[in-house]
> 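Quick one: this structure, given as structure tokens, is what I'll be asking you about.
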Amino acid sequence: MLDLRAISRDPEPAIAALARRKDGSDDRLRAALAARERLNAIRPELEAAQAERNAGAKAIGDAKRTGADASEAIAAMQAVSARVKELEPEKDRLEEELNQLATSLPNLTDPSAADEDTALREWGERAESGKDHLELAGAMIDMEAGSKTSGSRFAYLKGDLVFLELALVRWTLEKLRGHGFEPVIPPVLVKEDALFGTGFLPDTEQQIYRLADDPLYLSGTSEVALASLHAGQIMDEVPRRYAGFSPCFRREAGAAGKDTRGIFRVHQFDKVEMFSFVEPQDSAAEHDRLLAIEEEIWQGLQIPYRVVNIAVDDLGSSAAKKYDIEAWLPSQQKFREVTSTSNTTDFQARRLDIRYRPGGGKPAHVHTLNGTAVAVSRALIALMENHQTEDGGVEIPQVLQDWGAPARLG
RNA sequence: GGACAGGUGGCCGAGAGGCUGAAGGCGCUCGCCUGCUAAGCGAGUAUGGGGUAAUAAAGCUCCAUCGCGGGUUCGAAUCCCGCCCUGUCCGCCA
């Protein structure tokens, strides 16, 4: 949610920030500002009528208490009251119109968000070729059984791969706890409010699974539940950081035929997600911090990657700026997205009404940020492909063995 | 799934048609006071929006807000209807 009141004082920079998205949201902002003006224009008449009604009702009350006859005053007030009931629906209608426009607006883009996807740096040494993850995993990934049970883009993970996942998750959570993130296993089924509050609705409706008999959705990321953790609150402790571990569900509508091999793009995967609530002036630094932790994780796993400043027209509706980490996949000879971290500034905090007291003073909205620590299926792919051996096995990094991973796959 | 009990300010909690934007307490802020701390005393302290002001603040003023939406009424935290949520117990269940 944007702060239209603040924007109306100086609309042009905000309009320009939205125009960079090239999605027509700048025009919708103009329309929203116009609707706001119309609403403010009818306000004086309604409020004058309400004031008259309130004063009249008070006088009637006083009269009755002293035993005076108030029947004339009551009759006079009926007309005033009727006028109020005429104007109120008009105001409601304008408010609804404004609300509709306002909730359709995405976050303002950050000036430092890139115009085009821009690789900022690269780490590690790319392997020139290699088998792909399905070949390396062999029977440990069963796509056929997955599709039999659940359809395309579902898999069974088996055997050592299971312990590799659990070690990966545990190692990550321990690392994050060391960075001040409280581990959380959040609800996965969430209400519409939670999705709206995080900006996934109405923006990405076609990506989200919905239950038939209950007003609940399957989250595509624990970001939804983590952001909602402090909804409606005035937080007394900021910054606050959480590491959520949960399965994630995505319909992948519109991705037909894309990444159909293996577990790169599946409907269900597990993920460790970082989420931060911070003071507004700290959010840019926090964003860098989340990115640094992501890099620390991939370096710890010894996987070559690059960091990309994502193009503004590719940002989700809640993000002002986003960095992805793309891991090198030898089988594809490409960098592929494995993490994503966004600064959503006060966009989610406004929708979810999450505030703090700056310097103990009046409540103000916090800034929120999210970042992938480890999306397990893609991390497994990167691990297998980058640590494969001549004989078709996979050597597992020592850091994961310390948390129970096998020394070697295959 | 069933039965009860509830949703009031930052928190707790009273109020049951007009004298209530809301008692009292906690917390917080400022001041006084005790050599420090604690205690004590006094004052202040909900949110959002409009107007006024210089698209600065304070102040003043008006409107709205007691879970949400509707209704009754000159007037609703209070009465009526619908919904949502929370808690407890029972049933079922990993």
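By convention in this document, chain letters (A, B, ...) are assigned in the order of the sequence lines, proteins followed by strands, and residues within each chain are numbered from 1.
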> Would you check if there is a donor-acceptor pair between the side chains of A:Q281 and A:H367 at a distance under 3.5 Å?
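Result is no, nothing qualifies.
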> Check whether any side-chain N or O of A:Q388 sits under 3.5 Å from a backbone N or O of A:K131 as a donor-acceptor pair, and report yes or no.
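Looks like yes, one N/O pair under 3.5 Å.
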> Could you measure between the two C1' atoms, the one in B:G9 and the one in B:A5, and give it in whole Å?
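Between the two C1' atoms, the distance is 23 Å.
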> Using the test ring pair (Phe, Tyr, Trp, His ring centres under 6.0 Å), find all partners of A:F347 that sit at least two apart in sequence or belong to another chain.
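Ring pair (Phe, Tyr, Trp, His ring centres under 6.0 Å) list for A:F347, sorted by chain: empty.
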> Sort and list the pairs that fulfil side chain to side chain donor-acceptor pair (under 3.5 Å) and have at least one residue in residues 91-101 of chain A, not counting sequence neighbours.
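Side chain to side chain donor-acceptor pair (under 3.5 Å) check on residues 91-101 of chain A returns A:R38-A:E97.
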> Using the P atom as the point on both nucleotides, what is the distance between B:A54 and B:C19, in whole Å?
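37 Å, rounded to whole Å.
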> B:G75 and B:G17: how far apart are their C1' atoms, nearest whole angstrom?
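Roughly 8 Å separates the two C1' atoms.
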> Among all residues two or more places apart in sequence or in another chain, which pass the ring pair (Phe, Tyr, Trp, His ring centres under 6.0 Å) test with A:F277?
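A:H230, A:F275.
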> State the dot-bracket string of RNA chain B. Criteria: Watson-Crick or G-U wobble, both atom distances under 3.5 angstrom; notation: ( ) intrastrand, [ ] crossing earlier pairs, | interstrand, . unpaired.
((((((((.[[[..)..(.....]]]((((((.......))))))(((((((......))))))).[[[[[..)....]]]]])))))))....
> Identify whether any heavy atom of A:K191 sits under 4.0 Å from a base atom; if not, whether one sits that close to sugar-phosphate; answer base, sugar-phosphate or nothing.
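If one applies the 4.0 Å heavy-atom cut-off, A:K191 turns out to touch the sugar-phosphate alone, with no base involved.
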> Taking atom types as modelled, find out whether A:S104 and A:R28 have a side-chain donor-acceptor pair closer than 3.5 angstrom.
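Looking only at side-chain atoms, A:R28 and A:S104 do form a donor-acceptor pair, the distance falling under 3.5 Å.
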> Taking atom types as modelled, is there a side-chain donor on A:S283 or A:N343 under 3.5 Å from an acceptor on the other?
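Indeed, the side chains of A:S283 and A:N343 share at least one donor-acceptor pair under 3.5 Å.
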> Report each atom pair, protein N/O against N/O of nucleotides 72-77 of chain B, whose distance is under 3.5 angstrom.
residue, atom, partner, partner atom, Å
B:C74, OP1, A:Q78, NE2, 2.8
B:C74, O3', A:S81, OG, 3.3
B:G75, OP1, A:S81, OG, 2.6

> Send over the distance from A:K91 NZ to B:G49 C1', rounded to a whole Å.
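Rounded to the whole Å, the gap is 10 Å.
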> Could you list the residues that satisfy ring pair (Phe, Tyr, Trp, His ring centres under 6.0 Å) with A:F264, not counting sequence neighbours?
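Checked A:F264 against ring pair (Phe, Tyr, Trp, His ring centres under 6.0 Å); zero matches.
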> Protein-nucleotides 55-61 of chain B N/O pairs closer than 3.5 Å?
none

> Using atom P of each nucleotide, how far apart are B:U78 and B:C66 to the nearest Å?
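One P to the other, the span is 8 Å.
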> Return whichever of A:A48 or A:D62 has its heavy-atom-nearest nucleotide of RNA chain B closer to the 5' end.
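Final value for this comparison: A:D62.
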> Would you mind reading off the distance between A:L39 atom CG and B:A64 atom C1', rounded to a whole angstrom?
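Spelled out: CG on A:L39 to C1' on B:A64 is 12 Å.
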> So, using side-chain contact (heavy atoms from CB on, under 4.5 Å) as the criterion, who are the partners of A:K64 when residues are at least two apart?
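Per chain and number, A:K64 pairs via side-chain contact (heavy atoms from CB on, under 4.5 Å) with A:I60, A:A70, A:I74.
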> Among side-chain atoms of A:D324 and A:S340, is any donor-acceptor pair under 3.5 angstrom?
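A donor-acceptor contact under 3.5 Å links the two side chains.
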> Say you pick atom P in B:G10 and the same atom in B:G1; how far apart are they, in whole Å?
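B:G10 and B:G1 have their P atoms separated by 34 Å.
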> I need the A:L369 CG to A:E286 CD distance, nearest 0.5 Å.
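It comes to 6.0 Å.
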> Could you pull out the protein-nucleic contacts involving nucleotides 9-11 of chain B (nitrogen or oxygen on both sides, under 3.5 Å)?
residue, atom, partner, partner atom, Å
B:G10, O4', A:R357, NH2, 3.4

> Taking only residues two or more places apart in sequence, or in another chain, which ones meet A:D115 in a salt bridge (charged side-chain N to carboxylate O under 4.0 Å, His left out)?
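In terms of salt bridge (charged side-chain N to carboxylate O under 4.0 Å, His left out), with neighbours along the sequence ignored, A:D115 is linked to A:R20.
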> If the cut-off is 4.0 Å, is A:R43 near the phosphate of B:G51, judged by side-chain N/O to OP1 or OP2?
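Answer no for this pair, as no side-chain N or O of A:R43 is under 4.0 Å from OP1 or OP2.
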> Could you state the atom-to-atom distance from CG of A:D92 to C1' of B:U65 in whole Å?
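Distance, rounded to whole Å: 14 Å.
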> Distance between the P atoms of B:U47 and B:C11, in whole angstroms?
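Each nucleotide's P atom is 12 Å from the other's.
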> Taking atom C1' in both B:C36 and B:G44, compute the distance separating them and give it to the nearest angstrom.
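Pairwise C1' distance, B:C36 against B:G44, rounds to 27 Å.
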> Starting at atom CG of A:L46, determine the distance to atom C1' of B:G50, rounded to an integer number of angstrom.
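Computing the A:L46:CG to B:G50:C1' distance gives 11 Å.
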> For a quick check under 3.5 Å, do A:D110 and A:S112 share a side-chain donor-acceptor pair by atom type?
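Indeed, the side chains of A:D110 and A:S112 share at least one donor-acceptor pair under 3.5 Å.
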> Please report the distance separating the C1' of B:U34 from the corresponding atom of B:A22, rounded so that it comes out in whole Å.
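These two C1' atoms come out 37 Å apart once rounded.
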> Mind calculating the distance between CZ (A:R38) and P (B:G50) to the nearest angstrom?
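Distance check: A:R38 CZ to B:G50 P gives 17 Å.
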> Can I get a per-line list of side-chain donor-acceptor pairs under 3.5 Å for residues 297-304 of chain A, giving both atom names and the distance, sequence neighbours left out?
residue, atom, partner, partner atom, Å
A:Q299, NE2, A:Y305, OH, 2.8
A:Q302, NE2, A:Q299, O, 3.1

> What's the CD-C1' distance between A:E88 and B:U65, to the nearest Å?
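From A:E88 CD to B:U65 C1': 13 Å.
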> Could you give all pairs that pass the salt bridge (charged side-chain N to carboxylate O under 4.0 Å, His left out) test and reach residues 262-280 of chain A, with sequence neighbours left out?
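Found A:E252-A:R265, A:D259-A:R265, A:K271-A:E273.
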